[in-house]
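First listed ligand is number 1; within each ligand, the first listed atom is number 1.
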Amino acid sequence: MDLFVINRYRDVEEDASVDIAEQEAKHLEKLKKKIAERKSAYASKRTSDVITLKPQKQKELVEPKKDAKDNKEAPKTDEETKTDSNIDVIQKPDKKRAKPSQEFKVLGVNDFEKKAKVSRVLPFWLSHPFNISTSLKSSSCTVKDQDWLHSTLKSTLQSEGVTTLFPVQEKVIPFILDQHKLTYPFWPHDICVSAPTGSGKTLSFVLPIVQSLMNEIGCHIRALVVLPVQELAAQVAKVFKKYCLKTRLKVALLGGSTPLQQEQQSLVRYTESSGWVSEADIVVCTAGRLVEHLQNTEGFSLKHLKFLVIDEADRIMDHIQNDWLYHVDKHIKLENELMTGRHSNLTWSSLIEQKPPPHKLLFSATLSQDPEKLEQWGLFQPKLFSAAKSNNYEDEDQIRLYATPEELTEQYVTCDAEHKPLILYHFLADQKWDKVLCFTNAAEAAHRLSVLLNTWSNGIFKVAELSSALDKSTRENVLKKFTQSEINVLIGTDALARGIDITDCNYVISYDPPRNIKTYIHRVGRTGRAGRSGHAVTILLQNQVTQFKEIIQGGGKAEIPQIEIEAGILDRLTSSYQNAMSETKRQIHAEIDTKVKKSLEIKRRLKSKPQKRKLNTS
Ligand SMILES: Nc1ncnc2c1ncn2[C@@H]1O[C@H](COP(=O)(O)OP(=O)(O)OP(=O)(O)O)[C@@H](O)[C@H]1O
């Protein structure tokens with residue numbers, strides 16, 4: 001029994017201990033297996049990512065290297081052996097899983113890998129423009145020797161003192177005239193012209209339009225010139241009128257400065273025999289006013305339009321006003337594809353039947369050469385005339401940037417905020433800069449600066465404001481006085497930086513830095529026009545220098561030199577500046593008081609009016 005008991009006890013004890021040990025061993029094995037599986041799964045995931053991103057390396061990793069000579073396996077380095085053994089472990093179970101990861105990239109892994117450089121390819125017409133020289137002085141294209149120019153225009157040019165044509169005129173005018181010699185079904189190529197400020201772009205569309213239309217008879221609008229603002233429309237209309245003087249062509253200005261009704265009367269006439277006829281052959285307008293006429297003027301028709309000129313095209317493009325191009329498109333009643341340059345039905349007979357769309361001519365000193373932006377104009381087989389050099393001379397497909405006149409000297413000066421007026425005064429009073437156009441970033445700042453300078457100068461030089469806050473006649477008066485040297489300095493905002501042709505402006509000072517390259521190009525472009533020399537200086541605070549340099553570099557321009565001004569010069573001006581400043585403050589406060597009083601008076605009157613009415617009705 002003892003034996004039995006002992007045996008039974010021992011048996012039980014021994015069996016139990018064997019079970020536990022076995023179980024523990026099994027459990028440990030299971031755990032080890034799990035760990036191994038997890039490790040392999042993790043490693044295979046990483047390997048598959050590498051394979052996804054570098055397909056050639058996958059081959060290298062999976063296939064053993066072979067000796068080029070005998071096609072045998074090449075001896076492996078220690079590192080390779082390690083990697084291979086890892087891959088054996090990792091890849092065998094995961095080979096199937098690795099496949100789909102070749103199709104779907106795992107996000108978040110190896111995202112920082114260097115991506116292949118994508119090079120931009122421009123359409124041929126943008127990468128291969130007709131080059132225009134920026135040097136106006138070296139032009140040898142004399143007006144009298146140009147056989148293609150009508151004698152009437154030659155005589156007007158000579159009476160205007162134009163004896164040679166500028167490079168842009170020499171290239172663009174004969175091209176436009178040749179395009180209009182084409183007979184149906186050949187249509188003229190639309191053109192984009194990007195030439196420096198003051199290089200004579202206006203005459204390069206005025207002359208061919210006048211010459212093409214002067215011998216045609218018809219009471220229709222045949223040329224439409226669209227500009228972004230009233231002042232520019234008036235300026236261009238003036239040039240057209242000059243060159244149409246000896247012809248029978250009539251020019252109408254739709255600028256919005258006169259009431260719509262008055263413009264309508266000068267634009268269309270109703271006759272019993274012919275119905276509505278146009279009084280003008282050439283219409284110069286702002287985009288906004290054009291839409292008003294298209295919608296409200298009976299008899300206003302663009303069906304016979306031959307030329308559609310868009311001057312300062314990039315500005316109009318940036319602020320597409322009232323979808324004017326869509327309205328023009330609709331009005332001409334051609335198929336929309338025609339205006340947008342696409343042809344749904346390109347058969348010989350359809351081409352012969354169709355009238356060509358108006359010849360589109362786009363002009364600007366800062367015309368975008370970005371194909372996506374130009375796409376919206378729907379140009380027909382366009383050609384580019386550009387004075388700008390490619391950003392990268394080796395790569396012709398680089399977008400070309402903007403050019404400034406060769407006769408223009410550009411500089412910048414740095415100072416502290418409190419020294420800005422002192423530097424400006426130093427240029428005007430000490431260095432005696434005359435015929436200066438000074439730009440600020442706000443109309444209010446322009447006003448304060450003009451009050452300060454007038455007080456400070458005490459009659460040595462005369463300063464006037466030229467901002468959009470002034471009415472049209474005051475602005476014209478100010479410009480006239482500037483031309484006649486009755487005013488020496490004009491202080492304005494960017495509203496007037498574009499396109500305005502101010503005769504004899506010698507200096508442009510950016511009192512506040514320009515916000516972008518286009519603003520800079522148009523500001524400095526008010527001087528150095530038509531081959532005359534000009535000087536542009538930008539006043540910068542220390543913390544604005546980097547941004548300014550980036551703007552200039554971004555526009556593809558060479559670095560601009562800095563002017564140094566001795567601190568002693570500015571110190572000498574400090575006391576007179578302080579006196580002028582206190583007087584300016586007094587004047588500005590007085591102006592504000594008057595304005596407040598006036599507005600209070602208006603409010604009081606408005607309040608009292610309804611009361612009177614109430615009294616009357618009661
Ligand atoms: N061939 C020429 N000879 C002499 N002067 C010219 C000639 N062509 C144009 N001009 C004069 O050059 C000045 C600038 O011309 P225009 O206004 O056409 O320049 P622009 O290229 O349109 O400049 P912006 O881009 O600033 O509008 C005008 O005063 C104009 O009369």
Check your understanding: In ligand 1, which numbered atoms sit nearer than 4.0 Å to a non-hydrogen atom of Pro196?
Key -> 21 (O)

Practice item. Could you pull out, from Leu136, Thr164, Asp504, the option with a heavy atom nearest to atom 1 (N) of ligand 1? Key: Thr164

Point to revise | Which segment of His522 sits under 4.0 Å of ligand 1 when only heavy atoms are counted | key: neither

Check your understanding: According to the interplanar angle, ranging from 0 to 90°, do the rings of Phe461 and Tyr425 count as parallel (below 30°), tilted (30 to 60°) or perpendicular (above 60°)?
Key -> tilted

Check your understanding: Looking only at protein heavy atoms, which one is nearest to atom 16 (P) of ligand 1, and how far off is it?
Key -> Thr202 OG1, 3.6 Å

Exercise for review: Fit a plane to each ring of His293 and Phe300, take the angle between them on a 0 to 90° scale, and name the class: parallel (under 30°), tilted (30 to 60°) or perpendicular (over 60°).
Suggested key: tilted

Practice item. Mark whether atom 31 (O) of ligand 1 lies under 4.0 angstrom from at least one protein heavy atom. Key: no

Review point. Is Thr197 in polar range of ligand 1, meaning some N or O pair under 3.5 Å apart?
Key: no

Study note, to complete from the structure: re atom 8 (N) of ligand 1, the protein heavy-atom contact at minimum distance is Gln169 NE2, 2.9 Å

Review point. Quick one: nearest non-hydrogen protein atom to atom 11 (C) of ligand 1, plus distance?
Key: Ala530 CB, 3.9 Å

Check your understanding: What's the shortest distance from atom 17 (O) of ligand 1 to any protein heavy atom, and which residue and atom give it?
Key -> Arg529 NH2, 3.2 Å

Review point. Quick check: are there more than 12 heavy atoms from other residues, nucleotides or ligands sitting under 6.0 Å from NZ of Lys481?
Key: no

Check your understanding: Looking only at side chains, do Ser212 and Lys306 share a donor and an acceptor under 3.5 Å apart?
Key -> no

Practice item. Step through the shown structure and confirm whether more than 12 heavy atoms of other residues, nucleotides or ligands are within 6.0 Å of CD on Gln484. Key: yes

Point to revise | Polar side chain donor-acceptor pair, Gln230 to Thr286, under 3.5 angstrom | key: no

Point to revise | Close N or O approach (Gln235, ligand 1; < 3.5 Å) | key: no

Exercise for review: Starting from atom 25 (O) of ligand 1, locate the nearest protein heavy atom and write down its residue, its atom name and how far away it is, to 0.1 Å.
Suggested key: Lys201 NZ, 2.7 Å

Revision key, fill the gap. Note: ligand 1 atoms sitting under 4.0 Å from heavy atoms of Val162 are 1 (N), 2 (C), 3 (N)

Review point. Looking only at side chains, do Thr519 and Asp494 share a donor and an acceptor under 3.5 Å apart?
Key: no

Exercise for review: Give the atoms of ligand 1, by number and element, whose distance to some non-hydrogen atom of Leu203 is under 4.0 Å.
Suggested key: 8 (N)

Exercise for review: Counting heavy atoms only, name the option from Gly161, Gly531, Gly200, Gly198 that's nearest to atom 24 (P) of ligand 1.
Suggested key: Gly198

Practice item. Return the orientation label for the His220 and His304 ring planes: parallel under 30°, perpendicular over 60°, tilted otherwise. Key: parallel

**Study point:** Parallel, tilted or perpendicular: rings of Phe548 and Tyr520 (30°, 60°)
**Key:** perpendicular

Point to revise | For Glu312, the ligand 1 atoms whose distance to one of its heavy atoms is below 4.0 Å | key: 27 (O)

Point to revise | Proximity winner for atom 5 (N) of ligand 1, if only heavy atoms of Phe363, Phe205, Phe166 are counted | key: Phe166

Check your understanding: Which value, rounded to the nearest 0.5 Å, describes the distance between Lys242 atom NZ and Thr156 atom OG1?
Key -> 10.5 Å

Practice item. Might you confirm whether atom CD of Glu444 has over 12 heavy atoms from other residues, nucleotides or ligands at distances under 6.0 Å? Key: no

Check your understanding: Any non-hydrogen atom of Glu160 lying under 4.0 Å from ligand 1?
Key -> no

Point to revise | Nearest option to atom 29 (O) of ligand 1, as decided by whichever heavy atom of Ile521, Asp501, Thr163 sits closest | key: Asp501

Review point. Does the side chain of Val508 reach to within under 4.5 Å of the side chain of Phe439, using non-hydrogen atoms?
Key: yes

Review point. Applying a strict 4.0 Å limit to heavy atoms, is Ala195 in contact with ligand 1?
Key: no

Exercise for review: Please confirm whether Arg498 comes under 4.0 Å of ligand 1, counting heavy atoms of the residue only.
Suggested key: no

**Study point:** ligand 1 atoms in contact with Arg526 (distance to a heavy atom under 4.0 Å)
**Key:** 26 (O)

Exercise for review: Would you kindly say whether Thr474 and Asn477 are connected by a side-chain donor-acceptor distance under 3.5 Å?
Suggested key: no

